[in-house]
Amino acid sequence: MNSPSPIDSLTPRELEVLRLAASRLGDKEIAQQLNLSPRTVQNHLHRAYEKLGVSSRIQAARLLSDHYSGELIAMSPPPPLGAKRDVIEAPVGFLEGGKAPGGALYRRYVALKEWRRPRKMGGSVLWLILLWALAWLMIALVGASLINPVLEMIHSLA
């Protein structure tokens, strides 16, 4: 008799979110495809990770792939390093009434993939900002220390 797998304890929605995460979709893309908020997607993933005893999408994808021996659920390979990264229109599913969410501009935004994430503050940019702040502080201190001698010189000339 087979013991129940941790995958059997997943809700249908958690399983659906995990399958999309295993295909290398981000939280926002999964949310758009399932008509959920990105925070809800994160909640589903978190609960599924706890049930499966894993801590990442890759580990979850491996478990799914091992569980479904006849069905490939492994993560798709990352894009090749030398791949051309032009902005192209990505296919977008339609909502009710046949309207695409956001139209052509949104499709171009989705096609940016990892390029649409904002740059994190750190490294050389942070040091540059700190050095500029220090330079302006030094200028202010030098200026403040010169006020009294300049005023005394002006007073002695008068």
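Computation of the quantities below employed the complete heavy-atom set of this structure, encompassing side-chain atoms and omitting hydrogens, waters and symmetry-equivalent molecules.
- The residue from L36, L34, D27 that alone fulfils the side chain to side chain contact (heavy atoms under 4.5 Å, CB included) condition with H44 is L36.
- No side-chain heavy atom of T40 sits under 4.5 Å from any side-chain heavy atom of V17.
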For R57 and L45: C-alpha separation, side-chain torsions, deciding distance, then whether side-chain contact (heavy atoms from CB on, under 4.5 Å) applies. CA-CA 8 Å; R57 292 171 190 246; L45 286 173; 3.5 Å; yes
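- Looking only at atom types and distance, the side chain of Q42 has a donor-acceptor partner in the side chain of R39 under 3.5 Å away.
- Smallest separation of non-hydrogen atoms from A48 and L18: CB-CD1, 3.6 Å.
- Here the side chains of Q32 and L25 are not in contact, with every heavy-atom distance at 4.5 Å or above.
- Scanning both residues, K28 and P38, for their nearest heavy atoms gives CG-CG, 4.2 Å.
- Annotation: the span from I129 atom CD1 to L134 atom CG amounts to 14.0 Å, rounded to 0.5 Å.
- With respect to the salt-bridge test (charged N to carboxylate O, under 4.0 angstrom), the residues R13 and E16 qualify.
- Looking at H46 and E50, their side chains do bring a donor and an acceptor atom within 3.5 Å of each other.
- I147 and W136 are members of different hydrophobic clusters when ILVMFWY side chains are connected at heavy-atom separations under 4.5 Å.
- For the atom pair CE of M153 and CG of L146, the computed distance is 10.5 Å after rounding to the nearest 0.5 Å.
- Rounding to the nearest 0.5 Å gives a distance of 5.5 Å between CD of E14 and CZ of R47.
- Among all heavy-atom pairs drawn from Y49 and A60, the shortest one is CE2-CB, 4.1 Å.
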